[in-house]
Asks: 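Dropping the structure in here first, questions after.
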Amino acid sequence: MPPLLSGLLVSAAVDRGFLVGRPGVGVAWLAGFGAAMAVRAYAARAGFPHLAAVVEPFRDALVERVVRGALARPTAGPAEVARLTEQVESARQLTATLLRTLRGVGVTLAAALLGLTLLAPAVLPLVLLPLLAAGLLFTRLLRPLVERRRAVVLAEERLAAEAGRALHGLRDVQATGTQTQVGAQLAETARLSAAASRALGRSSALRALVVALGGRLPVLAVLAAAPWLLAHDALTPGELLGVATYLLQQLDPAVRTLAGTVGGWLLGLTVVLDRLAITSAHPTTPDPAPSDPAPSAPEPSLRLTALHYTHAPTAAPVLDGLHATLAAGEHIAVVGPSGTGKSTLAALLAGLLPPTSGELAIDGVRPSSLPAADRARLVALLPQEAYVFPGPLRENLTWLAPTAADSQLAHATALLGADVLVARLGGPDAVLTDPAALSAGERQLLALVRTYLSPAPVVVLDEATCHLDAAAEERVERAFAARPGTLVVVAHRISSALRADRVLMLDGGRGILARHGDLQVLSPLYRELVGHWLGSAVPGTAVPPAGSVS
C-alpha cells in the first residue's frame with residue numbers, strides 16, 4: 001500500500017490542501033499515508049510464518065541430502081560434514097533473506113510504476129526507458145558475476161586445502177628440505193585467490209552503473225523536463241512532488257537494493273547451492289567406460305596377528321610377533337635394513353609362504369590356504385626380478401587378465417609410461433623372441449602393466465620398480481595407488497615411503513606401522529634410514545611435493 005499510495009497522497013495533500021490554504025485537509029491526506037504504513041507493518045509481521053513454511057522444509061531437504069551423501073561416502077570426514085552443514089545454514093539464511101527482500105522490491109517497483117501511471121502518465125517514458133536499460137544491464141551482469149564469485153570460492157577452498165596439507169606435513173617438509181618449493185606453491189595459490197577476488201570486484205563495480213541508470217537517471221530526466229511540463233499544464237506542482245516521491249522514496253531505493261544487496265545475496269546463494277550439489281551428491285556407480293582399465297574388485301582389509309615366521313625350526317625368526325592392520329584401499333610402504341624380512345613379508349602376503357604361527361588374513365581369508373588360481377585372483381605379487389617369457393607381447397601383458405580389452409591395455413600402458421616401449425617393440429601383437437634382450441627396467445615395465453591389469457584387489461610390489469628412474473617410479477606408484485584395492489610397496493627409495501598413507505618399519509622381527517612424520521619420532525632407526533636415503537640421493541633428483549607427504 002505505501003508504494004502505491006505515497007505519490008498520490010502527497011500530490012493530493014499539496015494540490016487540495018496546502019496550496020489552496022487548507023492545511024487541515026493536507027494533513028489528513030498525509031495521515032492516510034501514515035495509516036497505510038501501519039497496515040504494511042502488520043502485513044510484514046503476518047508474512048513471517050508463511051516465509052518459514054517455505055524456507056524450513058527447504059533447509060530440512062538440504063540437511064537430509066548432505067547427511068545421506070556424507071554417510072554414503074566412506075572418505076567423508078567430520079571437517080567436511082561440518083563445512084557442508086555450515087553451507088546448508090548459509091543457504092537457509094540467504095534464501096529467507098532473498099525471498100523477503102525480493103518480495104518487497106518487486107512489490108515496490110510494480111506499485112510505484114502503477115502509481116506513476118495513475119498520477120502522471122506523461123512522465124512514464126522518462127522513467128521506463130532508463131529502468132529497462134538498467135534491467136537489461138543487470139541481467140547481463142548476473143552470469144559473469146556468478147562465475148567470478150564461484151571462482152573466488154574455489155580459489156579460497158584451494159588455498160585452505162594447500163595450506164592445511166603444508167601445515168599437516170610440516171615435519172616432512174622440513175625433513176625433505178622442500179620449504180622453498182612449498183612456500184612458492186602456497187604463494188602462487190594465494191596470488192590466484194587474490195586475482196579472483198580482484199576480478200569479482202571489477203565486475204561488482206559495474207552494479208553502480210545499474211543504480212545510476214535505473215535509480216538516478218529517471219530523477220534527472222524528470223527534473224530537466226519539469227519546467228516544460230509545468231508550463232504546459234502537463235503536471236501540477238502537487239503531481240510533480242508526487243512523482244518525485246515515487247522516484248526518490250520508492251524507485252531509487254528499490255533499484256539500489258536489487259542491484260546491490262540482492263545481487264550479492266543471489267550470487268552467494270547460487271555458489272553455495274552449486275557447492276552443495278557437487279560435494280553432497282549421492283555417489284553412484286557408473287558403468288565402466290571402455291577405456292577404464294581399473295579392475296572392479298572390492299577393497300579388502302588386511303590383518304596381521306602375532307605373525308611369526310622362521311626359515312627352519314632352529315633358525316632365528318625373521319618375523320617375530322608382527323601385528324598390523326591395513327584398512328581397505330590403503331597404500332602401505334614397507335621399509336627396513338637389509339635382512340629384516342621385507343621380501344619374506346611380501347611372500348607371506350601373497351600366500352607363497354605359510355606363517356610359522358600367528359595369522360595373516362585378507363578379509364578373513366588366509367592366502368596360503370587357497371589354491372594357486374584363487375590366490376592369484378586375490379593377491380598379485382611382483383618381485384624385483386620381473387618375469388617376461390618368449391612369445392606374443394600381448395600374452396605377456398594380459399597374462400593375469402586374458403579378457404582385457406584393447407582399450408584397457410592401451411590405457412594401462414600409457415598410464416604406466418610403457419606405451420613408448422610397447423610401440424618400439426612393434427605393438428601388442430609383436431612377438432618377443434628373446435626377453436633377455438630387454439633391459440631390467442623394460443622387463444619391469446611390462447610386468448607392471450601385467451600386474452596393473454590383474455583383477456587382484458591386493459597388489460604387493462617387492463622393489464618392483466628398483467630398475468626404473470625416480471620419475472618413472474613415481475608415475476607407476478601413483479597409478480597403482482589410484483587403482484582400486486590395497487597397495488603394499490617394499491620401498492626402494494625414500495619417495496616411495498613419502499607417497500604412502502602409512503609406513504611399516506621392520507626391525508628385529510617386529511614392526512611399527514605409522515605415518516611417515518610420526519614414524520620419524522617413534523623410530524630412531526627410521527630417522528637414520530631416511531637420512532641415509534636423502535644423503536645418498538642423486539643430485540638433481542626431484543623431491544616429492546609437500547602435498548604428497550603423509
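What's counted below: heavy atoms across the whole structure, side chains too, no hydrogens, waters or symmetry copies.
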Asks: Does anything in residues 310-346 pair up under ring-ring contact (aromatic ring centres under 6.0 Å, His included), and if so which pairs, sequence neighbours excluded?
Replies: Y309-H311
Asks: Side chains of L438 and L425: does their closest heavy-atom pair fall under 4.5 Å?
Replies: yes
Asks: Determine which pairs satisfy salt bridge (charged side-chain N to carboxylate O under 4.0 Å, His left out) with at least one residue from residues 342-359, sequence neighbours left out, and list them in order.
Replies: E359-R366
Asks: What pairs of residues pass the side-chain hydrogen bond (donor to acceptor under 3.5 Å, both in side chains) test when at least one of them lies in residues 368-380, not counting sequence neighbours?
Replies: D374-R377
Asks: By the side-chain hydrogen bond (donor to acceptor under 3.5 Å, both in side chains) test, which pairs, at least two apart or in different chains, include something from residues 460-471?
Replies: S343-D462, T465-E473
Asks: Among L348, T356, T340, L360, whose side chain to side chain contact (heavy atoms under 4.5 Å, CB included) with L319 holds?
Replies: L348
Asks: How about V458 and I362: do any of their side-chain heavy atoms sit closer than 4.5 Å?
Replies: yes
Asks: Could you list the residues that satisfy side-chain hydrogen bond (donor to acceptor under 3.5 Å, both in side chains) with R510, not counting sequence neighbours?
Replies: none
Asks: Which residue pairs satisfy the ring-ring contact (aromatic ring centres under 6.0 Å, His included) criterion with at least one member in residues 376-395, sequence neighbours excluded?
Replies: F389-W399
Asks: E56: which residues meet the side-chain hydrogen bond (donor to acceptor under 3.5 Å, both in side chains) condition with it, sequence neighbours left out?
Replies: R59, R92
Asks: Got V318 and L345 here, is their nearest side-chain heavy-atom distance under 4.5 Å?
Replies: no
Asks: Is there a side-chain contact (heavy atoms from CB on, under 4.5 Å) between S439 and Q444 once you walk through the steps?
Replies: CA-CA 9 Å; S439 69; Q444 281 189 336; over 6 Å; no
Asks: Kindly indicate, with the supporting measurements, whether the criterion side-chain contact (heavy atoms from CB on, under 4.5 Å) is fulfilled by L382 and V460.
Replies: CA-CA 6 Å; L382 185 56; V460 181; over 6 Å; no
Asks: Of all residues at least two apart in sequence or in a different chain, which pass the side-chain hydrogen bond (donor to acceptor under 3.5 Å, both in side chains) check with S357?
Replies: none
Asks: Please find the pair of heavy atoms, one from L513 and one from A324, that lie closest to each other, and give the distance.
Replies: CD2-CB, 4.1 Å
Asks: Can you tell me which residue pairs pass the ring-ring contact (aromatic ring centres under 6.0 Å, His included) test with a partner in residues 350-372, sequence neighbours excluded?
Replies: none
Asks: List the steps and the verdict of side-chain contact (heavy atoms from CB on, under 4.5 Å) for L400 and T398.
Replies: CA-CA 5 Å; L400 299 177; T398 61; over 6 Å; no
Asks: Quick one: which residue pairs count as a salt bridge (charged side-chain N to carboxylate O under 4.0 Å, His left out) with a foot in residues 414-439, not counting sequence neighbours?
Replies: R394-D429, R424-E442
Asks: Can you name the residues that form a side-chain hydrogen bond (donor to acceptor under 3.5 Å, both in side chains) with E477, not counting sequence neighbours?
Replies: S496, R499
Asks: Output a table of donor-acceptor pairs, distance under 3.5 Å, between side-chain atoms of residues 187-194 and any protein atom two or more places apart or on a different chain; print 'none' if there are none.
Replies:
residue, atom, partner, partner atom, Å
E188, OE1, R191, NE, 3.2
E188, OE2, R191, NH2, 2.7
T189, OG1, Q185, O, 2.9

